[in-house]
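When a ligand or atom number is given, it counts from 1 through the structure's own listing order.
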Amino acid sequence: SNGITRPKGHTVSFHYNSGVEDMHFGKTHPMKPWRLTLTKHLVLGYGLQYAMDTYVAMPASKDQVRAFHDPDYVDFLKEVSPQTFETLCENPRYQRFIPPKHEGDTVDLGPFNLSTSPGADCPVFDGMSEYLFLYTGATLAATNQLLTGQSDIAINWSGGLHHAHKSEASGFCYINDIVLAILDLLHLYPRVLYIDIDVHHGDGVEEAFQRQPRVMTLSYHRYGPYDETGHKFFPGTGDLADTGLKGTIGEHFALNVPIPSGIDDRQYKYLFESITSRAIDAYKPKAIVLQCGADSLGGDRLGQFNINIKQHGECVSFVKKQGLPLLILGGGGYTARNVARAWCHETALATDNGANLPDRIPLDLVPRPQAFTGRAHGDGMLFPKFQRDHKNDCVEADLEYMVKRLEW
Ligand code: TV1
Ligand code: CA
Ligand code: ZN
């Protein structure tokens, strides 16, 4: 099978339900199900299914989602669709969740930060409810696989939705599958380390565990003014000085690495490896959750870094090398062909097949139609030369300062 072999000494499981591909956030919305379809086809095209155990995920139950989220929010998410939205909004039970209007608001926000207006970050769309409970179900199945010792590494590329709050959707995220996974891991492991290499700050996860010393959160993200207008890069949190809720026992158990635009492989490697290794040495976690948002890659539609797939993958290898139970999740990623390349490559790294992927993929096994035409999907090449198109604002001394500042 293409020279793909099962890893010796550890077991990898892959959790997915193609039902997540039926969702559609909206015509111009950057979150595209196509990236998951393409990832699946690349993984299968290479024969990586022979290197791991593959499971079709079941949807999460409402009870499982209530372990973190507000019960009213969970009921709303289960019932909501473009057809039911207006009626649900009129239900007094949900009225108290309508956010206040602010001057300059461009979209009308309904309860829980959800909206049917075009241009909303968290739209209500067809197939939404099914999608949410499926990606969450896949993460919880992956988590269970680690808890029962049936896997050493468990992967769900459709998960990693790090911005969702207890009773509020945010930044394309509705159910925080990461928080739910970590809550489950805490039943067995005394300390869990959460690492987030998405270009955005993992604010929802950090907030959920801001009083919890048994979870350390560590996010690497773009931080600072977005452009000349002075708007902050989303979500605008994650300063170097933010290290957990002051005055609680959770203080010092959140770490943030704010990064200027244009960071390159060498600079990212320096930050990631020095800070992550110090965090692991000091905290001694018993399990790790790694959010692998692919919007930190160069050429991403929303991201502003210049990281290549090679370095993104080296973060995964570096974490895997620690030999701890590892939950690998997806997250952002808005240039579909690069997302698929990265996550397929990282599936190969997890199964020790990093060196076994041929340069040319078996194209006949990858679906073509919609994908390789038109602007949204780029120039029609699956493995294009990487665009490093963001001005590098990284000052070496500042990067060094961040490492020093976070040293124990
Ligand atoms: C509809 C249609 C929604 C086109 C949203 C980019 C759109 C964005 C759209 C967009 C867009 C954001 C903000 C909104 C401040 C808010 C999965 C009032 C071309 C994990 C989430 C980014 C990232 C949210 C999620 C961000 C993740 N950027 N076009 N929206 N405004 N929201 O800036 O971390 O990757 O951009
Ligand atoms: Ca991040
Ligand atoms: Zn992101």
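For the pair G293 and ligand 1, no heavy-atom separation below 4.0 Å is found. For P235, the heavy-atom gap to ligand 1 stays at 4.0 angstrom or more.
Donor-acceptor pairing under 3.5 Å is lacking for the side chains of E168 and S170. Using modelled atom types, one finds no donor on one side chain facing an acceptor on the other under 3.5 Å when comparing K391 with S261. E206 and N256 are linked by a side-chain donor-acceptor pair at a separation below 3.5 angstrom, with hydrogens and angles left out of the test. One side chain, T276 or Y220, offers a donor N or O that lies under 3.5 Å from an acceptor on the other.
Closest to atom 2 (C) of ligand 1 among all protein heavy atoms lies T28 OG1, 3.4 Å. Closest to atom 15 (C) of ligand 1, if we only count protein heavy atoms, is F234 CD1, 4.6 Å. Scanning the protein for heavy atoms near atom 14 (C) of ligand 1, the closest one is D121 OD2, 3.4 Å.
Interface atoms of ligand 1 facing A120, defined by a heavy-atom separation under 4.0 Å, are 1 (C), 3 (C). Less than 4.0 angstrom separates some heavy atom of H162 from each of these atoms of ligand 1: 20 (C), 27 (C), 34 (O). Proximity to D295 (heavy-atom distance under 4.0 Å) selects the following atoms of ligand 1: 35 (O). Contact atoms of ligand 1 toward Y334: 17 (C), 20 (C), 23 (C), 25 (C), 27 (C), 35 (O) (distance under 4.0 Å to a heavy atom of the residue).
At a cut-off of 3.0 Å, Q291 does not coordinate the Ca ion (ligand 2) through any N, O or S atom. Here Y220 meets the criterion, with an N, O or S atom under 3.0 Å of the Ca ion (ligand 2). For H200, the nearest N, O or S atom to the Zn ion (ligand 3) falls under 2.8 Å.
At a 4.0 Å heavy-atom cut-off, ligand 1 touches P30 through the side chain alone. For D198, every heavy-atom contact with ligand 1 shorter than 4.0 Å involves the side chain, none the backbone. Contacts of H29 with ligand 1, taken as heavy-atom pairs under 4.0 Å, involve both backbone and side chain. Heavy atoms of L161 found under 4.0 angstrom from ligand 1 belong exclusively to the side chain. Residue-level proximity to ligand 1 for L302 is carried by the side chain, the only part with a heavy atom below 4.0 angstrom.
In this structure, the side chain of R341 does not engage the main chain of R337 through any donor-acceptor pair within 3.5 Å. Within the 3.5 Å criterion, the main-chain N or O of D264 finds a donor-acceptor partner in the side chain of Q267.
Within 6.0 Å of NZ on K321 lie more than 12 heavy atoms contributed by other residues, nucleotides or ligands. The neighbour count for K27 NZ, taken as heavy atoms of other residues, nucleotides or ligands under 6.0 Å away, does not exceed 12. Environment of CD in E273: crowded, with over 12 heavy atoms of neighbouring residues, nucleotides or ligands closer than 6.0 Å.
Salt bridge annotation for K166-D70: absent, with no cationic side-chain nitrogen under 4.0 angstrom from a carboxylate oxygen. At a threshold of 4.0 Å, the pair D75-K62 counts as salt-bridged, since one of the basic side-chain nitrogens sits closer than that to a carboxylate oxygen.
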**Message:** Set out, in order, the CA-CA distance, both residues' side-chain angles and the distance that settles side-chain hydrogen bond (donor to acceptor under 3.5 Å, both in side chains) for H201 and T237, then state yes or no.
**Reply:** CA-CA 7 Å; H201 175 223; T237 50; 2.7 Å; yes
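Considering backbone and side-chain atoms together, H163 places an N or O closer than 3.5 Å to an N or O of ligand 1.
Here the angle centred on the Zn ion (ligand 3), running from OD1 of D198 over to OD2 of D295, is 100°, rounded to 10°.
Closest N/O/S atom of D196 to the Ca ion (ligand 2): OD1. Summary: O is the N/O/S atom of H200 found nearest to the Ca ion (ligand 2). Its N, O or S atom nearest to the Ca ion (ligand 2) is what matters here, and for D198 that atom is O.
Distance check for atom 31 (N) of ligand 1: every protein heavy atom is found at 4.0 Å or beyond. Closer than 4.0 Å to atom 23 (C) of ligand 1 lies at least one heavy atom of the protein.
Applying the side-chain contact (heavy atoms from CB on, under 4.5 Å) test between F76 and each of L88, T84, V124 identifies L88 as the sole match.
The nearest pair of heavy atoms linking L38 to A340 is CG-CB, 3.7 Å.
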